[in-house]
Amino acid sequence: MPILSCFSFRLLRFLNRSPSNLALENEVLSEIIRAIFFRHQARYGARRIQVELKCEHQISVSRKRIGRLLCMQGLYTKGKRRKYRKQKSLRQKVL
């Protein structure tokens with residue numbers, strides 16, 4: 001059996017560890033957040049997703065954590081819709 005240095009032993013232990021509970025929870029939460037995000041045509045940001053998670057799924061998660069998970073998945077909202085403004089006719093511009 002080969003003798004490992006202290007660094008190699010710790011590195012092997014680090015690489016072979018199982019995912020933490022938080023990492024597993026983040027994976028499940030990411031799938032739920034992704035479903036909510038696309039159900040609303042990419043219009044919901046972290047604040048609105050947080051409200052929906054609390055009301056519909058009874059999951060209490062901080063807004064910053066939701067934002068971080070959205071960013072890790074590369075999901076960005078489309079932004080605010082602009083209201084249509086009717087252009088003035090030429091007659092109104094001259095007067």
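Side-chain atoms are counted along with the backbone in the values below, which use heavy atoms only and exclude waters and symmetry mates.
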Full working for side chain to side chain contact (heavy atoms under 4.5 Å, CB included) between N26 and M72: CA-CA 11 Å; N26 280 343; M72 284 171 55; over 6 Å; no
Drop me the distance from [X]'s [atom1] to [Y]'s [atom2], to the nearest 0.5 angstrom.
X	Y	atom1	atom2	answer
N16	L11	CG	CG	9.0 Å
R34	I49	CZ	CD1	11.5 Å
S30	L75	OG	CG	9.0 Å
I59	I32	CD1	CD1	4.0 Å
Q73	E31	CD	CD	7.0 Å
T77	R43	OG1	CZ	8.5 Å

Check whether any side-chain heavy atom of [X] lies under 4.5 Å from a side-chain heavy atom of [Y], and answer yes or no.
X	Y	value
R10	C6	yes
E56	I36	no
Y76	L70	no
I33	L53	yes

Can you tell me if Q50 uses its side chain to pair, donor with acceptor, with the backbone of V61 under 3.5 Å?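 Yes; at least one donor-acceptor contact below 3.5 Å.
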What heavy-atom pair brings [X] and [Y] nearest, and what distance separates the two atoms?
X	Y	result
G67	A46	N-CB, 4.0 Å
E52	R39	OE2-NH1, 2.8 Å
L22	R65	CD1-NH2, 3.6 Å
S60	K54	OG-NZ, 4.3 Å

Counting only heavy atoms not in R47, do more than 12 sit closer than 6.0 Å to its CZ atom?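 No, because the 6.0 Å sphere around CZ of R47 holds 12 heavy atoms or fewer from other groups.
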Inspect the surroundings of CZ in F9 and state if more than 12 heavy atoms from other residues, nucleotides or ligands are less than 6.0 Å away.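 Atom CZ in F9 is not crowded, with 12 or fewer foreign heavy atoms closer than 6.0 Å.
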Group every Ile, Leu, Val, Met, Phe, Trp and Tyr by side-chain heavy-atom contacts under 4.5 Å, then state whether V28 and F38 land in the same group.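 Yes, because V28 and F38 connect within a single hydrophobic cluster, where side-chain heavy atoms sit under 4.5 Å apart.
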